[in-house]
Amino acid sequence: METVPLDIAPQQVVHWLRDERRVGALPVDMRATRSYVAQESKPRIDDIGGDAAEPLGVITAVGLLEVTPRTDRDGWALSIRVEDDIGARLPEDDSAPEGEEEIDLDTFNADFIVPDRGTAFVSVDVEDAASMARFEELFESMLTNIHPK
């Protein structure tokens, strides 16, 4: 499989998928998940006393939307990955929930397709040139916001 980055806004893809679902013509399968990653930071200086204070950690919410064709023979998989730093925490605070939580498309949209928040990566994994050609047919519909019947 080869991963190819795509030049499309994640909100455009999600909007297209929601419209397709609304008219009952969704030609793909989808799976959306939410997970959290706790990252430790370096020790910080206490602003009052100038001494080293406990380090802060950062919690990052990760949303992943995977879109695949209904048949495996098409050989492609579209992914939208959004990483959003949602806040700092002290080491004694509860850690981030572990594992992935499956969410629906509307929750993914509400939680991760937010203007000026998070970093999004849109890509497609393709098996070969033929699978890329099959994906490009669907991708053209997303780019132009056309909904085939």
S.K.: Got a second to check how far L78's CG is from L6's CG, nearest 0.5 Å?
M.R.: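 Between atom CG of L78 and atom CG of L6 there are 6.5 Å.
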S.K.: Looking only at non-hydrogen atoms, find the nearest pair between L17 and V28 and report the distance.
M.R.: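 In terms of heavy atoms, the two residues are closest at CD2-CG2, 3.9 Å.
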S.K.: At what distance, to the nearest 0.5 angstrom, does CG of L138 lie from OG of S141?
M.R.: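 The distance works out to 6.0 Å.
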S.K.: So which heavy atom on G63 is nearest to which on F112, and how close?
M.R.: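 Taking G63 first and F112 second, the nearest heavy atoms are N-CE2, 3.3 Å.
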S.K.: Does the side chain of R81 come within less than 4.5 Å of V62's, by heavy atoms?
M.R.: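 In contact.
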S.K.: Does any non-hydrogen side-chain atom of M1 lie less than 4.5 Å from one of V126?
M.R.: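 SC-SC contact between V126 and M1 ruled out.
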S.K.: In Å and rounded to the nearest 0.5 Å, what is the CE to CD distance from M132 to E137?
M.R.: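 With rounding to 0.5 Å, CE (M132) is 12.0 Å from CD (E137).
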S.K.: Counting distance only, does the side-chain N/O of Q12 pair as donor-acceptor with the main-chain N or O of L143 below 3.5 Å?
M.R.: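 Yes: the side chain of Q12 pairs with the backbone of L143.
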S.K.: Any chance CZ of R134 has more than 12 other-residue heavy atoms, nucleotides or ligands included, within less than 6.0 Å?
M.R.: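 Above 12, so yes.
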S.K.: State which residues pass salt bridge (charged side-chain N to carboxylate O under 4.0 Å, His left out) with R117; sequence neighbours excluded, sorted by chain then number.
M.R.: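 Here the qualifying residues are D84.
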S.K.: Rounded to the nearest 0.5 Å, how far apart are CD1 of I103 and CZ of F108?
M.R.: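 Answer rounded to 0.5 Å: 6.5 Å.
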S.K.: Could you pull out the closest heavy-atom pair between D29 and P69, with the gap in Å?
M.R.: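 For D29 versus P69, the nearest heavy atoms are OD2-O, 4.1 Å.
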S.K.: Check for a donor-acceptor pair, side chain of R21 on one end and backbone N or O of L26 on the other, with a separation under 3.5 Å.
M.R.: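 Not confirmed, R21 side chain does not pair with L26 backbone.
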S.K.: Quick one: list whatever passes salt bridge (charged side-chain N to carboxylate O under 4.0 Å, His left out) with E2, sequence neighbours left out.
M.R.: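 Salt bridge (charged side-chain N to carboxylate O under 4.0 Å, His left out) list for E2, sorted by chain: empty.
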S.K.: Do the charged groups of R31 and E100 touch, with an N to O distance under 4.0 Å?
M.R.: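 Salt bridge flag = yes for E100 with R31.
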S.K.: T3 versus V124: any side-chain heavy-atom pair under 4.5 Å?
M.R.: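 Counting from C-beta outward, T3 and V124 never come under 4.5 Å.
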S.K.: If we only count heavy atoms from C-beta on, is the W16 to N145 side-chain gap below 4.5 Å?
M.R.: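 Side chain of W16 against side chain of N145, heavy atoms only: contact under 4.5 Å found.
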S.K.: Go through the side-chain N and O atoms of T60 and D85 and say whether any donor and acceptor fall under 3.5 Å apart.
M.R.: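 A donor-acceptor contact under 3.5 Å links the two side chains.
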S.K.: Quick one: are R18 and D106 in side-chain contact, heavy atoms under 4.5 Å?
M.R.: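 Side-chain contact under 4.5 Å: yes.
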S.K.: Indicate yes or no: at least one non-hydrogen side-chain atom of F135 is less than 4.5 angstrom from one of V67.
M.R.: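 No. Closest side-chain heavy atoms not under 4.5 Å.
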S.K.: Determine whether L105 and L65 make a side-chain contact, defined as any pair of heavy atoms from C-beta on separated by less than 4.5 Å.
M.R.: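 A side-chain contact exists here, since the closest heavy-atom pair is under 4.5 Å.
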S.K.: Applying salt bridge (charged side-chain N to carboxylate O under 4.0 Å, His left out), name anything that partners E101, two or more places apart in sequence or on another chain.
M.R.: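 E101 satisfies salt bridge (charged side-chain N to carboxylate O under 4.0 Å, His left out) with R34 only.
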S.K.: Nearest 0.5 Å please: distance from the CD atom of E102 over to the OG atom of S35.
M.R.: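 If I round to the nearest 0.5 Å, the distance is 12.5 Å.
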S.K.: Please report the closest heavy-atom contact between E66 and S79, naming both atoms and the distance.
M.R.: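 So the two residues come closest at CG-OG, 4.3 Å.
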S.K.: With side chains defined as the heavy atoms from C-beta onward, is the minimum distance between I80 and F121 less than 4.5 Å?
M.R.: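 Side chain of I80 against side chain of F121, heavy atoms only: no contact under 4.5 Å found.
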S.K.: Roughly how far, to the nearest 0.5 Å, is CD1 of I8 from OG of S123?
M.R.: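 Taking OG in S123 and CD1 in I8, the distance rounds to 12.5 Å.
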